[in-house]
Q: 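Can you read through this structure? Questions will come right after.
All residue numbers in this chain count up from 1 along the given sequence.
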Amino acid sequence: MVREKEEPKKILVIGHKNPDTDSICSAIAYADLMNKVRDKRIREGYGECDAEYEPCRAGVISAETNFVLERFRFPIPRLCLDVHAQVSDLDIREESGIEENTSIRDAWDQMRIRDISTLPITDDDGMLKGVITVKDIAMANMDTLDARAFSKEHVPLKNIIKTIDAKLISGDPEAVISGSGKISIGASSPEAIKEFFEKDDILIVGNRYEAIHCAVELGAALVIACMASDIAEDIKYLADKNGCNLICTEKDTYAASRLINQSIPVGNYMKRDVICFEPSAQVEDVKELMSRVRYNYFPVTEQGKVKGLISKRNLISLQKKRLVLVDHNEKSQCVDGFDEAEIMGIIDHHRIGDIETTGPIVFRNVPVGCTATIINDMYRENGLMPPKGIAGLLLSAILSDTLCFKSPTCTHRDKVAAEELAHIANIDYMKLATDMFDAGEDLSGKTPDSVFRNDCKVLRSNNLRIEIAQGTFNSPANLKKAEEMIKDHIENILTSDNVDLAFYIATSIADQSSEVIFAGDNAEELLKKAFNTEDGDFGVKVRGLVSRKKQFVPSLLSVLDAAE
């Protein structure tokens with residue numbers, strides 16, 4: 001039957017692609033906050049079905065973020081690069097499958113009980129071997145005219161016993177009735193039997209001593225004595241001696257002859273070339289494949305092992321993934337497949353982007369330097385205080401996004417929040433900032449591509465796709481090394497990421513300035529119009545530029561808008 005109604009699936013809290021420290025730490029903190037709010041509502045008698053919030057990440061974490069997570073002993077959130085609707089989001093009908101030797105009759109009975117027209121057939125380890133459908137069973141029941149066909153089906157004796165409700169008199173229930181023998185029905189005299197009966201034939205006969213004795217003596221593969229509850233002892237002895245399978249049933253010969261073909265194993269009629277789906281298969285691909293065939297049900301398998309069945313009707317009851325977006329609200333920065341998910345909320349401190357939702361959501365956008373500052377406020381609004389570890393994460397995010405309060409994006413609220421969180425975490429935030437930045441700017445073992453993607457975002461303007469990456473450095477040596485690694489690589493970004501313009505902002509925290517390395521048509525001209533530039537070693541230098549969000553992006557977009 002269809003699985004019982006489950007509690008709602010987890011709500012994924014996820015930041016932007018190429019996540020920075022704020023994106024990761026805010027996801028963890030917001031999930032913690034909402035789970036505490038949920039638990040509080042449950043204690044108060046509300047929200048019993050509220051889902052659990054799970055922090056995720058939409059890319060590889062930076063060295064700085066890794067340092068922060070290790071410092072405050074938090075695991076790296078689960079990687080989630082794609083939230084397209086998957087088979088696992090459907091109401092999968094739990095069907096463990098039947099064995100290949102299951103009789104057609106038994107399969108039919110199970111279909112009626114389970115109210116289903118298809119059953120998967122599996123081996124002892126639950127691995128899919130095929131499927132049997134009602135149509136397959138109907139076709140099997142039609143093929144009953146060849147008297148020798150039954151013996152060719154390799155039917156386990158136990159199937160026959162169960163199907164015709166018989167009692168074993170002699171023989172091994174695990175034996176298989178096979179060969180070229182034919183089925184004979186209703187012969188009553190030894191003379192008649194001797195005339196047509198051959199060794200290894202099957203006889204279905206009424207409870208007639210002479211006929212049964214004769215068939216056993218002639219070497220029958222199987223004798224079914226009908227309308228009988230037991231058999232004479234001397235016939236039992238003879239059957240044991242001759243190795244004849246002998247059973248009796250209280251059904252008449254007509255019923256037994258009709259039912260015996262229903263003992264044939266389903267494996268003889270199952271479809272072996274079966275369309276099946278993994279739980280991770282995307283629903284759009286599943287729809288396309290389902291449209292090609294007329295099957296009603298399709299097995300769901302994980303590494304070949306049957307998990308259940310889905311049908312075309314399941315697509316109607318699709319349970320979309322549910323998301324809360326933190327530290328972003330633009331399509332270009334969202335995890336793949338976000339448009340097939342249900343967005344439950346957005347917590348951000350950037351410009352309003354281009355995401356649309358099908359209904360009202362929790363949308364919180366505040367002009368502060370860091371998403372973590374907003375989440376810190378939300379703890380207090382709910383009468384809660386961030387735990388010590390969470391306070392450390394939120395503090396780290398604020399220090400990272402505001403460059404330890406040196407960024408023009410930093411507000412008074414960010415500084416107040418940082419001081420509150422440092423008190424809760426019992427930590428010297430200046431030392432934390434130094435250690436964090438030192439860990440983040442260490443370029444040991446990094447490739448030019450990983451340096452560029454450490455913190456990069458894509459935005460759209462005037463039909464242009466623009467990718468902007470930034471690295472912040474305390475050490476002049478590391479700053480120079482990063483610039484040298486990027487200068488010959490940035491042209492590759494245009495092709496690999498299918499963007500029109502690419503910029504890398506190499507920021508010196510000490511000098512409060514940046515060198516911008518660029519690629520793309522008119523990129524240098526745009527920079528010169530947007531900023532007071534100077535010639536740099538590998539690009540153009542912009543004094544006072546430290547913020548991508550508040551300084552670089554608005555100025556660049558303003559120039560692009562003016563060019564319309």
Side-chain angles (χ1 to χ4, degrees), residues 15-20 23 58-64 81 327-328 330-336 350-351 353-354 440-441 443 446-473 478-508 513-542 545-564:
H16 52 74
K17 293 179 179 179
N18 304 303
D20 57 9
S23 180
V60 178
I61 65 170
S62 67
E64 177 188 281
L81 298 175
D327 198 31
H328 70 299
E330 295 193 50
K331 292 178 180 179
S332 61
Q333 298 173 21
C334 287
V335 63
D336 292 346
H350 295 91
R351 68 171 188 157
D354 52 2
E441 68 180 56
L443 302 178
K446 291 187 177 181
T447 64
D449 197 61
S450 66
V451 171
F452 185 87
R453 299 187 189 285
N454 186 61
D455 181 10
C456 65
K457 294 181 179 179
V458 176
L459 57 86
R460 293 177 181 270
S461 178
N462 290 355
N463 296 318
L464 297 176
R465 276 175 52 85
I466 308 168
E467 190 158 11
I468 307 168
Q470 184 173 22
T472 55
F473 300 89
N478 284 333
L479 175 67
K480 196 75 169 179
K481 183 176 180 181
E483 292 172 342
E484 290 174 347
M485 295 174 76
I486 295 298
K487 66 181 176 68
D488 295 325
H489 179 69
I490 196 164
E491 287 286 344
N492 299 331
I493 298 297
L494 299 177
T495 303
S496 64
D497 292 6
N498 190 29
V499 295
D500 301 291
L501 298 168
F503 300 96
Y504 181 78
I505 307 168
T507 300
S508 168
S513 64
S514 298
E515 181 161 345
V516 184
I517 304 171
F518 52 85
D521 292 344
N522 299 319
E524 185 174 9
E525 182 181 347
L526 288 171
L527 290 173
K528 288 181 177 179
K529 287 181 179 179
F531 306 100
N532 293 320
T533 63
E534 303 173 11
D535 290 339
D537 294 330
F538 309 107
V540 296
K541 189 166 184 177
V542 183
L545 172 62
V546 293
S547 172
R548 173 176 53 192
K549 180 186 73 174
K550 194 165 185 177
Q551 296 174 296
F552 189 85
V553 170
S555 296
L556 185 68
L557 294 183
S558 178
V559 170
L560 288 170
D561 290 342
E564 284 188 341

Q: Counting only N and O atoms by type, is there a donor-acceptor contact under 3.5 Å from the side chain of Ser555 to the main-chain atoms of Gln551?
A: yes
Q: Does a side chain donor of either Lys550 or His350 reach within less than 3.5 Å of an acceptor in the other side chain?
A: no
Q: Considering only heavy atoms from C-beta outward, does the side chain of Arg351 approach that of Leu557 to under 4.5 Å?
A: yes
Q: Are Thr472 and Glu441 linked by a side-chain donor-acceptor pair shorter than 3.5 Å?
A: no
Q: Just wondering, do His328 and Cys334 contact through their side chains at under 4.5 Å, heavy atoms?
A: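 Side-chain contact under 4.5 Å: yes.
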Q: Looking only at atom types and distance, does a side-chain atom of Ser514 sit under 3.5 Å from a main-chain N or O of Leu545, one as donor and one as acceptor?
A: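 Yes, the answer is positive, given that a donor and an acceptor are paired below the 3.5 Å cut-off.
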Q: Do Asp561 and Ser461 have side chains that approach each other closer than 4.5 Å (heavy atoms only, starting at C-beta)?
A: yes
Q: Would you say that Phe518 contacts Val540 through its side chain, given a criterion of any heavy-atom pair below 4.5 Å between the two side chains?
A: yes
Q: Mind checking the CZ-NE2 spacing from Phe452 to His489? Nearest 0.5 Å is all I need.
A: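 Between atom CZ of Phe452 and atom NE2 of His489 there are 7.0 Å.
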Q: Hey, could you give me the CZ/CG distance between Phe473 and Leu443, rounded to the nearest 0.5 Å?
A: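 It comes to 5.5 Å.
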Q: Between Lys487 and Ile517, what is the shortest heavy-atom contact and its length?
A: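 Looking at all heavy atoms of both residues, the closest pair is CA-CG2, 4.1 Å.
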Q: Would you check if Lys457 and Gln333 make a side-chain contact, meaning some heavy-atom pair closer than 4.5 Å?
A: yes
Q: Check Cys456 against Asn18 and note the closest heavy-atom contact, atom names and distance.
A: SG-ND2, 3.0 Å
Q: Is the backbone N or O of Gly471 less than 3.5 Å from a side-chain atom of Asp455, with the two atoms forming a donor-acceptor pair by type?
A: no
Q: Under 6.0 Å from the CG atom of Asp336, do we count more than 12 heavy atoms belonging to anything else shown?
A: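 Yes, the 6.0 Å shell around CG holds more than 12 heavy atoms from other groups.
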Q: In the structure I gave you, are the side-chain heavy atoms of Thr533 and Lys541 within less than 4.5 Å of one another anywhere?
A: no
Q: Which atom pair, heavy atoms only, marks the closest approach of Val546 to Gln470?
A: O-NE2, 2.9 Å
Q: Measure the spacing between CG of Leu527 and CG of Leu556 and express it to the nearest 0.5 Å.
A: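 Taking CG in Leu527 and CG in Leu556, the distance rounds to 7.0 Å.
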Q: Using every non-hydrogen atom in the two residues, find where Arg548 and Ile505 come nearest and quote the distance to one decimal.
A: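 Closest heavy-atom pair between Arg548 and Ile505: CB-CD1, 4.2 Å.
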Q: With sequence neighbours left out, what residues match Phe503 under ring pair (Phe, Tyr, Trp, His ring centres under 6.0 Å)?
A: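 Phe503 satisfies ring pair (Phe, Tyr, Trp, His ring centres under 6.0 Å) with Phe552 only.
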Q: Please answer whether the main-chain N or O of Phe538 pairs with a side-chain N or O of Glu515 as donor and acceptor at a distance below 3.5 Å.
A: yes
Q: Is the count of non-hydrogen atoms from other residues, nucleotides or ligands lying under 6.0 Å from Asp354 atom CG greater than 12?
A: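 Enclosed: over 12 neighbouring heavy atoms sit under 6.0 Å from CG of Asp354.
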Q: Should Val451 and Ile486 count as side-chain neighbours, where that means a heavy-atom distance under 4.5 Å?
A: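 They are in contact (side-chain heavy atoms under 4.5 Å apart), so the answer is yes.
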Q: So, do Thr507 and Leu479 sit near enough that their side-chain heavy atoms are less than 4.5 Å apart?
A: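 Answer no - side chains too far apart.
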Q: Walk me through it: do His16 and Val335 pass the test side chain to side chain contact (heavy atoms under 4.5 Å, CB included)?
A: CA-CA 7 Å; His16 52 74; Val335 63; over 6 Å; no
Q: So with a 6.0 Å cut-off around CG of Asp537, is the heavy-atom count from everything else above 12?
A: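 Yes.
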Q: Between the side chain of Arg460 and the main-chain N/O of Ser332, is any donor-acceptor distance below 3.5 Å?
A: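 No, because the side chain of Arg460 does not come within donor-acceptor range (under 3.5 Å) of the backbone of Ser332.
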Q: How long is the gap from CD1 on Ile468 to CG on Leu501, to the nearest 0.5 Å?
A: 9.0 Å
Q: Does any donor atom in the side chain of Ser450 or Thr447 lie under 3.5 Å from an acceptor atom in the other side chain?
A: yes
Q: Check Lys480 with Glu484, please: is the shortest side-chain N to carboxylate O separation under 4.0 Å?
A: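 Result for this pair is no, no salt bridge flagged.
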Q: Just jot down the salt bridge (charged side-chain N to carboxylate O under 4.0 Å, His left out) partners of Asp497, sequence neighbours excluded, or say none.
A: Arg453
Q: Measuring from atom CG of Asp500 to atom CG of Asn462, what distance do you get when rounded to the nearest 0.5 angstrom?
A: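 Asp500 atom CG to Asn462 atom CG measures 11.0 Å (nearest 0.5 Å).
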Q: For Asn454 versus Ser62, what's the shortest heavy-atom pair and its separation?
A: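 What the structure gives for the nearest pair is OD1-CB, 2.8 Å.
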Q: Is atom NZ of Lys529 surrounded by more than 12 heavy atoms (other residues, nucleotides or ligands) closer than 6.0 Å?
A: no
Q: Closer than 3.5 angstrom, by distance alone: can the side chain of Asp20 be matched with the main-chain N or O of Ser23 as a donor-acceptor pair?
A: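 Yes; judged by distance alone, with no hydrogens or angles, the pair exists.
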Q: Where do Leu560 and Leu464 come nearest, in terms of heavy atoms and distance?
A: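 Minimum heavy-atom contact is CD2-CD1, 4.0 Å.
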